[in-house]
A.B. asks: 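To start, I am sharing the structure in question, which I have written as structure tokens.
In what follows, every chain begins at residue 1, and chains take the letters A, B, ... in the order their sequences are listed.
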There are 2 protein chains.
Amino acid sequence: MDAETVIRALGALAQEHRLAAFRLLVQAGADGMAAGAIAERLGVPASSMSFHLAQLGHAGLVSQRRESRSIIYVADYAAMGGLMGYLTENCCAGVACVADTGCSVSDNEERTAA
Amino acid sequence: MDAETVIRALGALAQEHRLAAFRLLVQAGADGMAAGAIAERLGVPASSMSFHLAQLGHAGLVSQRRESRSIIYVADYAAMGGLMGYLTENCCAGVACVADTGCSVSDNEERTAA
DNA sequence: CCGATATTTCTATAATTATCGAAATATAGA
DNA sequence: TCTATATTTCGATAATTATAGAAATATCGG
């Protein structure tokens, strides 16, 4: 992942509604979530949410598929993984940051809010 | 680390010169680097670099200390670790992203494949 | 104190990003 | 086809962020 892509991804996540939307999509998993459902859940007008979802898409962090009248957005785990990898290697002195948060992630309660 | 802090940190890194500066500081370690050295290295005017370093500071990603006439900036690993922790827990479905990049970070070449 | 160096703050301007209503597009069902 | 639903695109505006020269501040050596 090159620096430009990383910057786009960081910029995409560096906004209240987009970070919230992406978290929602990560929780939703492969089923994803309809644009309207995200907008309603976050209390953001549809056209604004559409703008933000497009930004996430342009950054490669989400993909979309049409399903009847809805457009379903899905988090792209590989892209997020790429971002994490870049940050780990280039912004964390190799070990410090990740080791610090505990590398075996599976034991937390981070999935309870599904 | 709360969402607002995370957004500030992401926004701080989501800019060419700031990401480059932060990478430089991570490499420099505890010795840090003088503002002028960073500016020169990146080919950015001093006043512009000062603006960007202030943004990184405001986001808590760097600290500074005066050393004679220079102001030395130092990367804050704990802050970066906090950011990584938040992303891992909230934006990575718990495991996928980090596991994907190889959790034992100490070896360098795990990132060649997307 | 003075002159040189290092950096920040000030100021103005340019560029980018966010907001959201209204209009346009796509789909579905009667 | 007509109408309702879901979402995007358009367009206008507001807000934020970036750029960089000039002036101000701090420190040092003499």
A.B. asks: So, taking the atom named OH in A/Tyr73 and the one named CG in A/Leu61, what distance separates them when rounded to the nearest 0.5 Å?
C.D. replies: 13.0 Å

A.B. asks: Reckon B/Arg18 has a side-chain N or O less than 4.0 Å from the OP1 or OP2 of D/dA18?
C.D. replies: yes

A.B. asks: So does B/Gln15 get a side-chain nitrogen or oxygen closer than 4.0 Å to the phosphate oxygens (OP1/OP2) of D/dT16?
C.D. replies: no

A.B. asks: As an exercise, state the distance from CE of A/Met84 to CG of B/Leu87, rounded to the nearest 0.5 Å.
C.D. replies: 5.0 Å

A.B. asks: Tell me if a side-chain donor or acceptor on B/Arg18 pairs with a main-chain N or O of B/Ala20 at a distance below 3.5 Å.
C.D. replies: no

A.B. asks: I need the CG-P distance between B/Leu56 and C/dT8, as an integer number of Å.
C.D. replies: 12 Å

A.B. asks: Side-chain N or O of A/Tyr73 versus OP1/OP2 of D/dA6: is the shortest distance under 4.0 Å?
C.D. replies: no

A.B. asks: Distance check needed: D/dT17 C1' versus B/Leu13 CG, whole Å only.
C.D. replies: 16 Å

A.B. asks: What is the distance from CD of B/Glu16 to P of C/dA15, rounded to the nearest Å?
C.D. replies: 16 Å

A.B. asks: In whole angstroms, how far is the P atom of C/dT17 from the CD1 atom of A/Ile7?
C.D. replies: 12 Å

A.B. asks: Rounded to the nearest 0.5 Å, what separation is found between the CG atom of B/Asn90 and the CZ atom of A/Arg23?
C.D. replies: 4.0 Å

A.B. asks: B/Ser68 side chain: which of D/dT27, C/dT8, C/dT27 is closest?
C.D. replies: D/dT27

A.B. asks: To the nearest 0.5 Å, what is the distance between CD1 (A/Ile7) and CG (A/Leu83)?
C.D. replies: 11.5 Å

A.B. asks: So if I take residues 35-55 of chain B and measure heavy-atom distances to DNA chain C, which residues fall below 4.0 Å?
C.D. replies: B/Ala35, B/Gly36, B/Ala46, B/Ser47, B/Ser50

A.B. asks: From CZ of A/Arg66 over to P of C/dT25, roughly how many Å is that when rounded to an integer?
C.D. replies: 14 Å

A.B. asks: Using whole Å, report how far NE2 of A/His17 lies from C1' of D/dT16.
C.D. replies: 14 Å

A.B. asks: Could you grab the distance from atom CG of B/Leu53 to atom CZ of B/Phe22, nearest 0.5 Å is fine?
C.D. replies: 11.5 Å

A.B. asks: Where the side chain of A/Arg69 is defined as all heavy atoms beyond and including C-beta, which of D/dA4, D/dT27, D/dT7 is the nearest nucleotide?
C.D. replies: D/dA4

A.B. asks: Please state how far atom CD in B/Gln64 lies from atom C1' in C/dT8, giving the value in whole angstrom units.
C.D. replies: 10 Å

A.B. asks: If every non-hydrogen atom of A/Met1 is compared with every non-hydrogen atom of A/Gly82, which pair is closest and at what distance?
C.D. replies: SD-C, 3.6 Å

A.B. asks: Rounded to whole angstrom units, what separation is found between the CZ atom of A/Arg8 and the C1' atom of C/dT16?
C.D. replies: 15 Å

